[in-house]
Number of protein chains: 2
Amino acid sequence: MAVTQQSSLFAVLRTASCLESRVEARLADIGLSLPKLAALQRLTQAGESLPLGQLAEKLACVKSNVTQLVDRLEADGLVARTADPNDGRSRIAVLTAAGRRAFARGIGIQRQAEQELFSVLTPDESDHLHRLLAKLDAH
Amino acid sequence: MAVTQQSSLFAVLRTASCLESRVEARLADIGLSLPKLAALQRLTQAGESLPLGQLAEKLACVKSNVTQLVDRLEADGLVARTADPNDGRSRIAVLTAAGRRAFARGIGIQRQAEQELFSVLTPDESDHLHRLLAKLDAH
DNA sequence: GCAGTATGATCCATGCCTGAACCAAATGGC
DNA sequence: GCCATTTGGTTCAGGCATGGATCATACTGC
């Protein structure tokens with residue numbers, strides 16, 4: 001008899017939160033979270049510093065979120081806020097030495113976890129998944 | 001040249017949050033959210049009422065979360081807390097008339113949104129997606 | 001029956017996210 | 001140069017999630 005197919009929407013959401021929490025669990029070992037790691041990554045990619053507004057853009061979130069995220073990262077000693085010489089309103093988040101180390105470790109953990117979690121898929125399947133997801137994202 | 005394949009992990013997470021926010025946006029029109037709708041659904045499925053602990057189990061979340069979620073639903077007038085005659089510790093969440101109406105409307109919106117969002121996939125693609133996601137979930 | 005333990009719910013602190021209100025600094029038109 | 005507007009950030013209120021502490025009630029062994 002036919003398999004009762006569960007909601008596609010919830011299938012995607014469940015898988016996502018499942019993957020997310022497994023990666024988060026590993027990152028927690030070094031005091032990082034996925035949002036924190038993402039912020040550190042953007043900063044690294046941008047050459048270690050970015051005005052908060054641009055960081056918000058790259059993280060595709062609202063500015064007030066970045067304010068708080070950087071607050072937490074600053075409390076952790078991973079980034080510091082500095083003044084923007086060209087614009088008195090702007091504040092620049094810059095990676096600290098500890099931030100660079102945390103990012104290096106975090107990105108390693110993330111890649112490792114990702115590889116393990118997705119090792120159940122063949123390269124072909126992985127490709128196919130990407131194509132399907134891209135279709136869903138479109139517009 | 002080869003396409004630089006983006007992280008599979010982030011591809012899944014991005015698609016999920018994208019789908020989620022589009023459904024949430026529609027639900028917001030009637031004052032619901034996905035977590036609230038999910039709670040109403042469990043209650044409906046269980047015959048309109050459930051002890052909070054069991055609701056937490058069905059929602060696969062922690063009890064303290066349900067306490068707050070039911071607080072909000074109660075404030076919205078969609079559920080009410082009643083005593084459990086068999087157990088003085090237990091509190092039972094029961095759907096109100098407004099809760100039944102909200103669930104009926106919400107589930108309609110959700111199904112409609114889901115259908116629209118997944119209409120970009122053929123039934124075959126949808127099947128395949130399910131299989132891939134199931135593989136990722138597996139243990 | 002009475003300790004001691006289990007359990008159901010809540011409370012509190014915290015993380016992450018949003019949108020609205022706000023403020024100070026920059027900018028553009030005149 | 002000055003005022004109105006725009007822009008960068010923060011603040012605040014609130015939603016949703018977690019884990020740990022707490023409390024009252026139930027249960028269990030004796």
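By convention in this document, chain letters (A, B, ...) are assigned in the order of the sequence lines, proteins followed by strands, and residues within each chain are numbered from 1. Since this is a predicted model, take the numbers as computed values, not measurements.
- Regarding contacts with the backbone of D:dG8, every side-chain N or O of A:Ser90 stays at 4.0 angstrom or more from both OP1 and OP2.
- Here side-chain hydrogen bond (donor to acceptor under 3.5 Å, both in side chains) pairs that include residues 48-67 of chain A, with residues two or more places apart or in two chains, are A:Glu48-A:Arg100.
- Applying the side-chain contact (heavy atoms from CB on, under 4.5 Å) criterion to A:Ser17, with sequence neighbours excluded, gives no partner residue.
- Interface residues of residues 39-59 of chain A facing DNA chain D, ordered by number: A:Pro51, A:Leu52, A:Gly53; criterion, heavy-atom separation under 4.0 Å.
- In C:dA6 the O4'-C1'-N dihedral to the base is within 90° of 0, which defines a syn nucleotide.
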Side-chain donor-acceptor pairs under 3.5 Å in residues 116-125 of chain A, sequence neighbours left out?
from, atom 1, to, atom 2, distance (Å)
A:Glu116, OE1, A:Arg26, NH2, 2.3
A:Glu116, OE2, A:Gln112, NE2, 2.5
A:Ser119, OG, A:Glu116, O, 2.7
A:Thr122, OG1, A:Glu125, N, 3.1
A:Glu125, OE1, A:Thr122, N, 2.9
A:Glu125, OE1, B:Lys135, NZ, 3.1
A:Glu125, OE2, B:Lys135, NZ, 3.0

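- Residues of residues 94-112 of chain A having a heavy atom closer than 4.0 Å to DNA chain C: none are found.
- Listed by chain and residue number, nothing satisfies the salt bridge (Lys or Arg N to Asp or Glu O under 4.0 Å) test with B:Glu20 (two or more places apart in sequence, or in another chain).
- Searching all strands for a Watson-Crick or G-U wobble partner of C:dA9 with both distances below 3.5 Å returns D:dT22.
- The distance between atom CZ of B:Arg91 and atom P of D:dA26, rounded to the nearest whole Å, is 13 Å.
- The base-pairing partner of C:dT18, taking Watson-Crick or G-U wobble contacts with both distances under 3.5 Å, is D:dA13.
- With rounding to whole Å, B:Asn86 atom CG is found 14 Å from D:dT25 atom C1'.
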Extract all donor-acceptor atom pairs below 3.5 Å that involve side chains of residues 37-47 of chain B and protein atoms in other chains or at least two apart in sequence.
from, atom 1, to, atom 2, distance (Å)
B:Thr44, OG1, B:Leu40, O, 2.8

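- Applying the salt bridge (Lys or Arg N to Asp or Glu O under 4.0 Å) test to A:Arg14 and every residue at least two apart in sequence or in another chain returns B:Asp137.
- For the residue pair A:Glu24/A:Ser33, the side-chain donor-acceptor check at 3.5 Å is not satisfied.
- In this structure, A:Asp71 atom CG and C:dG15 atom C1' are separated by 12 Å, rounded to whole Å.
- The side chain of A:Arg81 places an N or O atom within less than 4.0 Å of a non-bridging phosphate oxygen (OP1 or OP2) of D:dT10.
- With sequence neighbours left out, the salt bridge (Lys or Arg N to Asp or Glu O under 4.0 Å) criterion links B:Asp87 to B:Arg89.
- Contacts of B:Arg131 classified as side chain to side chain donor-acceptor pair (under 3.5 Å), with partners at least two apart in sequence or in another chain: B:His128.
- With sequence neighbours left out, the salt bridge (Lys or Arg N to Asp or Glu O under 4.0 Å) criterion links A:Asp76 to A:Lys36.
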Completion exercise
Whether each nucleotide of nucleotides 16-25 of chain C has a protein heavy atom under 4.0 Å at its base (B), only at its sugar-phosphate (S) or at neither (-) is summarised, 5' to 3', as BBBBB---BB
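- Put simply, CG on B:Leu95 and CZ on B:Arg101 are 10.5 Å apart, with the number rounded to the nearest 0.5 Å.
- Here D:dG20 presents its C1' atom at 12 Å from NZ of B:Lys63, a figure rounded to the nearest Å.
- The separation between A:Leu73 atom CG and D:dG9 atom P is 15 Å, rounded to whole Å.
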